[in-house]
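Whatever order the structure lists them in is the order used to number ligands and atoms, beginning at 1. As a basis for the values below, the full set of heavy atoms in this structure was taken, side chains included, without hydrogen atoms, waters or symmetry mates. Worth saying up front: this structure is predicted, and the values here are computed from it rather than measured. Residue numbers run from 1 in the order of the sequence given.
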Amino acid sequence: MEKIIKKIQELKKKRNAVILAHNYQIPEVQDVADFLGDSLGLSRRAAETQADVIVFCGVHFMAETAAILSPEKTVLIPDREAGCPMADMIGREKLLELKRENPGALVVSYVNTTAEVKSETDVCCTSANAVEIVNALKDRDIIFVPDKYLGSFAAAKTGKKMILFNGYCPVHMKILPQDIKKAKEKHPRAAVIVHPECRTDVVKLADAVVSTSGMVRFVKETDAEEFIIGTETGIVYRLQKENPDKKIYPASEIAVCENMKKITLEKVLWSLEELKYEVRVEEKIRKKALKSIEKMIEIG
Ligand code: 13P
Ligand code: SF4
């Protein structure tokens, strides 16, 4: 492993590359990253970086968002099969149908969508800023795609009327209210933090509902010594590493996103060697999609 890491560091310099990784990546990939974050943090970094090459260790929509923001850079995903099943639940045609059925409504799309869907969107959001984005849109009905749970969470927080699409994250769906209750019985003093992609009956049992980087901040800044984490299990490694004196318990061991785990150190090295797989978005779609991402960055 040492050898691979050394080669990755050398090639990174040679290519003027930066490695961006999502909080759900496997530990070795988290450790080799220049920046580790949630979808919002990663897209901000992708927009700001001076590097020529971005190796994106995450799922396809994340790399695509980087490619939309930085068309002059080479954006690579080390495994092109690393997709997001939720993002694939809605296509452009379905969104156009929803727009026809709800004339005058604004479209808010979770960043977990394809570039084509973003190109038909008024404003994007992530789990970190969904409430803020929905709040900022005045006096118009809102079509929210694809995550019905994040959409319901934002609707409940803002009191807005929202037309929700029936999408969901199959990984977060695995976290059940009884998992939280059992964990709470075992660790009664632990604070419960869950991701807004969780089911509504799970969200109701939480002390905090935040994005993955929101979890990182919450654990660091909260006085509690124990935490029950309701999201994909990969983040537990980072939380434990950054808070060695605190106890971190995953709410469910089976909440594993196989797509996130497709990226390995070997594939990161290969990606830098071969400059593969490049993620590109057709210019006409990119320009339209960019507007919805820029609008998001402008609001929150
Ligand atoms: P975050 O933006 O909170 O990291 O979430 C991304 C994601 O895909 C969660 O499943
Ligand atoms: Fe998509 Fe869910 Fe995996 Fe996040 S955890 S990338 S929403 S399938």
Side-chain angles (χ1 to χ4, degrees), residues 20-26 29-30 33 35-46 56-66 69 77-90 108-114 117-118 124-133 144-151 153-154 165-175 193-199 202-203 206 208-219 229-239 250-263 279 293 296-297 300:
L20 304 185
H22 186 264
N23 290 321
Y24 297 158
Q25 289 291 293
I26 60 171
V29 172
Q30 291 195 23
F35 179 77
L36 194 55
D38 64 1
S39 307
L40 184 62
L42 290 166
S43 48
R44 287 211 167 110
R45 277 294 164 125
F56 213 111
C57 302
V59 290
H60 193 267
F61 76 81
M62 297 179 175
E64 202 174 54
T65 303
L69 283 161
I77 187 159
D79 187 324
R80 64 177 155 196
E81 301 298 318
C84 169
M86 166 153 66
D88 294 335
M89 284 178 188
I90 183 148
V108 179
S109 291
Y110 193 19
V111 73
N112 299 38
T113 41
T114 60
V117 166
K118 288 187 179 78
C124 279
C125 73
T126 74
S127 61
N129 61 17
V131 173
E132 215 177 328
I133 299 286
F144 190 94
V145 300
D147 186 7
K148 63 177 167 185
Y149 294 116
L150 179 63
F153 177 69
F165 181 73
N166 192 21
Y168 58 88
C169 164
V171 176
H172 284 83
M173 278 287 275
K174 289 185 183 160
I175 303 170
I193 325 172
V194 308
H195 197 275
E197 284 177 21
C198 285
R199 296 160 40 133
V202 168
V203 164
V209 184
V210 282
S211 77
T212 58
S213 287
M215 292 180 179
V216 171
R217 280 190 295 277
F218 189 90
V219 171
I229 308 294
T231 194
E232 208 274 344
T233 57
I235 197 173
V236 171
Y237 171 74
R238 177 172 180 187
L239 294 175
S252 166
E253 297 279 359
I254 62 166
V256 177
C257 178
E258 296 302 339
N259 283 285
M260 286 281 181
K261 311 303 178 205
K262 285 184 177 148
I263 314 292
V279 179
I293 301 171
M296 167 183 85
I297 293 176

### Query
Does any N or O in the side chain of Q25 come within less than 3.5 Å of the main-chain N or O of M260, such that one atom is a donor and the other an acceptor?
yes
- Taking it one step at a time, do I175 and H195 satisfy side-chain contact (heavy atoms from CB on, under 4.5 Å)? CA-CA 10 Å; I175 303 170; H195 197 275; over 6 Å; no
Only one of T231, N259, T212 passes side-chain hydrogen bond (donor to acceptor under 3.5 Å, both in side chains) with Y24, and that residue is T231
If you count every protein N, O or S atom closer than 2.8 Å to atom 2 (Fe) of ligand 2, you should arrive at 1
At a 4.0 angstrom heavy-atom cut-off, ligand 1 is contacted by H22, Y24, D38, S39, N112, S127, H172, H195, E197, S211, T212
From the list H22, R238, R45, side chain to side chain contact (heavy atoms under 4.5 Å, CB included) partner of L36 resolves to R238
side-chain contact (heavy atoms from CB on, under 4.5 Å), that's the test. Do F153 and V131 meet it? Break it down for me.
CA-CA 8 Å; F153 177 69; V131 173; 3.9 Å; yes
Where the side chain of K262 meets the backbone of E81, is there a donor-acceptor pair that is under 3.5 Å apart?
yes
Q. Between K118 (side chain) and T113 (backbone), is there a donor-acceptor pair under 3.5 Å?
A. yes
- Worked verdict on M89 versus Y168 for side-chain contact (heavy atoms from CB on, under 4.5 Å): CA-CA 8 Å; M89 284 178 188; Y168 58 88; 3.8 Å; yes
(request) Begin from the C-alpha positions of V216 and L239 and carry the test side-chain contact (heavy atoms from CB on, under 4.5 Å) through to its verdict. (result) CA-CA 6 Å; V216 171; L239 294 175; 4.0 Å; yes
